[in-house]
2 protein chains.
Amino acid sequence: MDQVEIFKALSNKTRLQILGWLKEPELNFPEQPNADFENVGVCVGQIQLKSGLSQSTISEYLSILQRAELISSTRVGQWTYYKRNKEGLEKLSEIIHKAL
Amino acid sequence: MDQVEIFKALSNKTRLQILGWLKEPELNFPEQPNADFENVGVCVGQIQLKSGLSQSTISEYLSILQRAELISSTRVGQWTYYKRNKEGLEKLSEIIHKAL
DNA sequence: TTGGTATATCGGGAAATTCCGATATACCTT
DNA sequence: AAGGTATATCGGAATTTCCCGATATACCAA
């Protein structure tokens, strides 16, 4: 993954907030009946609700974060759940230590 | 410093390269007669030469990196020398560990 | 003081990003 | 099959970023 694309993904207030929310889903989202936060993540609708932005914008932002390998997704029925991608975040730490 | 501004500063190929070059100036720049890399940094002209972009662009890029507290500058005569800001880079690591 | 060199700032055209509403797709229920 | 819900994709107006050349400023040397 291109380093610049990772930092572009992070250079937006809402996208940074989403990553923060997904770090502690139980504090930031209401309980989910059918999926646990740790294994599956949080569904798009909840993230959109919390952000206050439009559905299309949030869907696009999530895909930008996913292309940067900062989050990953799971489809369950009609819902898509997103959660943090720990490997990608670890890689980002390495970039900062080794390249900058 | 605003987190978004830090990531915006990093979301450009040339600016990332500059930070990389400044990590190991002795490998990336010719010897300087009047200033040592470790204490003072590298002057704007050398960075511009290496980047291949215009003088005005590099001057602006350096000021963007400085506003994000990723580099710092020292004026010596008619030259401005820039070097890495270790505290700022450390702060960036913390952001990634604590906020994302 | 005059001229030369290094850097910063200004103004702007082109390209990218932000965020939206409309629409398409996928899946579920009946 | 038909209608409903969740998400993705499309098209676009407004804003921001990229990068330039021209110009301003700061300092030095003669």
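These figures come from a predicted structure and were not determined experimentally. A note on names: the letters A, B, ... follow the listed sequences, proteins ahead of strands, and every chain is numbered from 1.
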Does [N] have OP1 or OP2 under 4.0 Å away from a side-chain N or O of [X]?
X	N	result
Tyr61(B)	dA8(C)	no
Thr80(B)	dA8(C)	yes
Asn12(A)	dT18(C)	yes

The side chain of [X] lies closest to which of these nucleotides: [options]?
X	options	result
Ser54(B)	dT17(C), dG21(D), dT7(D)	dG21(D)
Gln78(A)	dT7(D), dT5(D), dT18(C)	dT5(D)
Thr57(B)	dT18(C), dC27(D), dC19(D)	dC19(D)
Ser59(B)	dT18(C), dG21(C), dA8(C)	dA8(C)
Ser56(B)	dC10(D), dG21(D), dA8(C)	dG21(D)

Discussion item. With side-chain contact (heavy atoms from CB on, under 4.5 Å) as the criterion, how do Thr80(A) and Thr74(A) come out once you've worked through the C-alpha distance, each side chain's angles and the decisive distance to 0.1 Å?
Written reply: CA-CA 6 Å; Thr80(A) 308; Thr74(A) 319; over 6 Å; no
Worksheet item: For DNA chain C, whose closest nucleotide is more 5', that of Arg15(A) or that of Val44(B)?
Response: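 Its nearest nucleotide being more 5', the pick is Val44(B).
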Fill in: Sugar-phosphate only, base, or nothing, as touched by Tyr81(B) at under 4.0 Å among non-hydrogen atoms
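Answer is nothing: Tyr81(B) stays at 4.0 Å or more from every strand.
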Discussion item. Under 4.0 Å, counting only non-hydrogen atoms across every strand here, what does Ser63(A) touch: a base, just sugar-phosphate, or nothing?
Written reply: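 No contact at all - Ser63(A) keeps every heavy atom at 4.0 Å or more from the nucleic acid.
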Worksheet item: DNA chain D: Gln55(B) or Arg75(B), which has the more 5' nearest nucleotide?
Response: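 Per heavy-atom nearest nucleotide, the more 5' residue is Gln55(B).
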Roughly, in whole Å, what's the span from [atom1] in [X] to [atom2] in [N]?
X	N	atom1	atom2	value
Arg67(B)	dT9(C)	CZ	P	9 Å
Glu60(B)	dA8(C)	CD	C1'	10 Å
Lys8(A)	dT16(D)	NZ	C1'	12 Å
Phe7(A)	dT17(D)	CZ	P	17 Å
Leu62(B)	dT9(C)	CG	P	12 Å
Lys13(A)	dT15(D)	NZ	P	18 Å
Ile18(B)	dC19(D)	CD1	P	11 Å
Ile58(A)	dT17(C)	CD1	C1'	15 Å

Fill in: Reference residue Glu38(A); test salt bridge (charged side-chain N to carboxylate O under 4.0 Å, His left out); the match among Lys23(A), Arg84(A), Lys86(A)
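Single salt bridge (charged side-chain N to carboxylate O under 4.0 Å, His left out) partner of Glu38(A) among Lys23(A), Arg84(A), Lys86(A): Lys86(A).
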Worksheet item: Just by distance, do the side chain of Ser11(A) and the backbone of Lys8(A) share a donor-acceptor pair under 3.5 Å?
Response: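 Yes; at least one donor-acceptor contact below 3.5 Å.
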Discussion item. Under a 3.5 Å distance rule, please check whether Lys13(A) uses its side chain to pair with a backbone N or O of Val4(B) as donor and acceptor.
Written reply: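 Side chain of Lys13(A) to backbone of Val4(B), a donor-acceptor pair under 3.5 Å: no, none is there.
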Worksheet entry | Full working for side chain to side chain donor-acceptor pair (under 3.5 Å) between Ser54(A) and Thr57(A) | CA-CA 5 Å; Ser54(A) 73; Thr57(A) 296; 2.9 Å; yes
